[in-house]
Amino acid sequence: RYNIPIGLHANLSEGSPVCEVLKTNSSLLNQDGFFHGKMGFRTALSKGLLNMSEVKQELKAQVELFHELTGHLPPHMDGHQHVHVLPEVRHVFAEVLEEYGIKFTRVPVEPGLHNCGWIPQSLMDFYLGVEEDSFNTVNVFTRHGIRWPDIYIGLSTMGKNMSVGNITSAIDAAIAEFTSRAPSPQSRTVTIELMVHPGYPSVPPVGGCGEGPDDFSQSWERLHELQTLIKPELQSYYKTRNVQLCSFTDL
């Protein structure tokens with residue numbers, strides 16, 4: 001209706017499969033018939049319990065459904081709860097993107113993440129695991145001709161941690177670090193992906209992917225992100241710093 005540019009946030013960890021064949025007897029499902037969950041998926045993967053051909057089957061089914069619903073293929077595709085950078089999955093994910101000609105993805109390595117003392121240790125441990133997996137994914141995505149923005153931000157500014165100050169500080173610090181490493185920083189535009197989750201709190205049983213909404217979806221944090229992202233101070237910062245908001249199709 002509004003021609004908002006959208007990509008595909010591929011899901012292998014929450015709710016039910018899209019692929020009809022995998023809805024019953026599949027390594028991707030737990031005993032209740034749902035995906036294994038954020039940590040359960042990782043545990044099953046580490047134990048060698050997941051069939052990668054089924055992962056590929058499900059990813060392709062989600063691309064096909066996206067095409068059916070929108071009339072076009074997704075210009076970018078990443079993974080819910082960062083499953084797309086996990087061992088083994090990263091190879092299958094890259095093959096699917098190359099097969100469909102999807103050029104862009106997300107590599108969640110956030111500059112300055114290690115200095116964010118406000119992130120609880122349990123969450124930081126998960127983020128650092130995502131970071132390690134991401135570093136190990138770069139060569140795989142590169143081999144398949146997949147691209148991603150120069151900088152990724154979002155782990156340190158998520159939910160209750162989102163504020164105009166946190167966003168602007170993260171952007172400024174990331175650009176400073178990136179340009180200090182770049183051989184000729186003035187030669188081209190620096191691209192940044194800012195991961196956000198704006199929305200409204202879900203009220204069960206509505207929402208979610210089959211099991212109902214998760215804790216984050218039910219919290220006030222999504223609305224907090226929405227209210228932060230539309231603040232005039234943030235829009236003013238973008239203008240002052242010559243930040244142009246765009247989609248992956250503009251890259």
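Using a distance-only test at 3.5 Å, with no hydrogens or angles considered, no donor-acceptor pair links the side chain of Gln218 to the main chain of Pro204. The backbone N or O of Cys19 sits nowhere less than 3.5 Å from a side-chain atom of Gln57 that would complete a donor-acceptor pair. Side-chain atoms of Glu225 do not come within 3.5 Å of backbone N or O of Met162 as any donor-acceptor pair. Judged purely by atom type and a 3.5 angstrom limit, Glu14 has no side-chain atom pairing as donor or acceptor with the backbone of Gly208.
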Please evaluate residues Leu229 and His197 with respect to the criterion side-chain contact (heavy atoms from CB on, under 4.5 Å), reporting the C-alpha separation (whole Å), side-chain torsions for both, the decisive distance (0.1 Å), and the verdict. CA-CA 10 Å; Leu229 291 166; His197 309 79; over 6 Å; no
Quick one, Thr142 with Trp148, criterion side-chain contact (heavy atoms from CB on, under 4.5 Å). Give me CA distance, side-chain angles, the key distance, then yes/no. CA-CA 10 Å; Thr142 301; Trp148 55 92; 3.6 Å; yes
Any chance you could lay out the side-chain contact (heavy atoms from CB on, under 4.5 Å) test for Val89 and Met52, step after step, and finish with the verdict? CA-CA 7 Å; Val89 177; Met52 286 302 117; 4.2 Å; yes
Would you please test Glu110 and Glu131 for side-chain contact (heavy atoms from CB on, under 4.5 Å) and show each step? CA-CA 8 Å; Glu110 181 164 350; Glu131 180 181 75; over 6 Å; no
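A donor and an acceptor atom, one from each side chain of Gln121 and Asp125, are located under 3.5 Å apart. Defined by atom type and a distance below 3.5 Å, a donor-acceptor pair is missing between the side-chain atoms of Thr105 and Asp78.
Screening residues 31-52 for salt bridge (Lys or Arg N to Asp or Glu O under 4.0 Å), with sequence neighbours left out, gives no hits.
The shortest non-hydrogen separation linking His144 to Ala94 is CD2-CB, 3.5 Å. Looking at every heavy atom in both residues, Arg90 comes nearest to Asp133 through NH2-O, 3.4 Å. For the pair His224 and Gly159, the tightest heavy-atom approach, listed with the atom from each and the gap, is CD2-O, 3.1 Å.
The CG atom of Leu28 sits 7.0 Å away from atom CD of Glu58, with the distance rounded to the nearest 0.5 Å. Distance check: Leu50 CG to Ser26 OG gives 8.5 Å after rounding to the nearest 0.5 Å. Rounding to the nearest 0.5 Å gives a distance of 10.5 Å between OG of Ser163 and CD of Glu233. The CZ atom of Phe35 sits 7.5 Å away from the CG atom of Leu22 when rounded to the nearest 0.5 Å. The CD atom of Glu221 lies 11.0 Å from the CG atom of Leu223; values are rounded to the nearest 0.5 Å. Note that NE2 of His36 and CG of Leu12 are 10.5 Å apart. Values are rounded to the nearest 0.5 Å.
Between His9 and Gln62, every side-chain heavy-atom pair lies at or beyond the 4.5 Å cut-off. When side chains are defined from C-beta on, Phe93 does not count as touching Leu86, because their heavy atoms never get closer than 4.5 Å. Looking at Thr137 and His84, their side chains never come closer than 4.5 Å, going by heavy atoms from C-beta outward. With contacts defined as side-chain heavy-atom distances shorter than 4.5 Å, the pair Pro17/Leu29 qualifies.
Residues satisfying the salt bridge (charged side-chain N to carboxylate O under 4.0 Å, His left out) test with Glu193, not counting sequence neighbours, are Arg106. Residues satisfying the ring pair (Phe, Tyr, Trp, His ring centres under 6.0 Å) criterion with His82, sequence neighbours excluded, are absent altogether.
Residue Leu251 is not grouped with residue Ile6 when hydrophobic side chains (ILVMFWY) are merged at heavy-atom distances under 4.5 angstrom, including chains of intermediate members. In the hydrophobic cluster analysis, where Ile, Leu, Val, Met, Phe, Trp and Tyr join through side-chain heavy atoms closer than 4.5 angstrom, Val96 is grouped together with Val107. Neither Ile153 nor Val109 shares a network with the other; the hydrophobic side chains, linked directly or stepwise wherever heavy atoms of I, L, V, M, F, W or Y lie under 4.5 Å apart, form separate groups for each. Placement of Val196 and Ile151 within a single hydrophobic cluster is found when ILVMFWY residues are connected by side-chain heavy-atom separations under 4.5 Å, directly or transitively. Taken together through direct or relayed side-chain contacts under 4.5 Å among Ile, Leu, Val, Met, Phe, Trp and Tyr, Leu59 and Val63 form part of one hydrophobic cluster.
Here Leu113 sits in one hydrophobic cluster together with Met39, Trp118, Ile119, Leu123, Met124, Phe126, Tyr127, Leu128, Val130, Tyr152, Leu155, Met158, Met195, Phe216; the rule is ILVMFWY side chains under 4.5 Å apart, joined directly or through other members.
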Would you be so kind as to tabulate the donor-acceptor pairs closer than 3.5 Å made by side chains of residues 65-77, with sequence neighbours excluded?
residue	atom	partner	partner atom	Å
Thr70	OG1	Phe66	O	2.8
Thr70	OG1	His72	N	3.2
Thr70	OG1	His72	O	2.9

Throw together a table of side-chain donor-acceptor distances under 3.5 angstrom for residues 166-175, partners on residues two or more places apart or in other chains.
residue	atom	partner	partner atom	Å
Asn166	ND2	Asn161	O	2.6
Thr168	OG1	Val164	O	3.0
Thr168	OG1	Gly165	O	3.1
Ser169	OG	Gly165	O	2.8
Asp172	OD1	Tyr237	OH	2.7
Asp172	OD1	Arg241	NE	2.9
Asp172	OD1	Arg241	NH2	3.0

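Within 6.0 Å of CG in Asp250 there are more than 12 heavy atoms belonging to other residues, nucleotides or ligands. Within 6.0 Å of NZ in Lys103 there are 12 or fewer heavy atoms belonging to other residues, nucleotides or ligands. The number of heavy atoms from other shown groups lying within 6.0 Å of NZ (Lys160) does not exceed 12.
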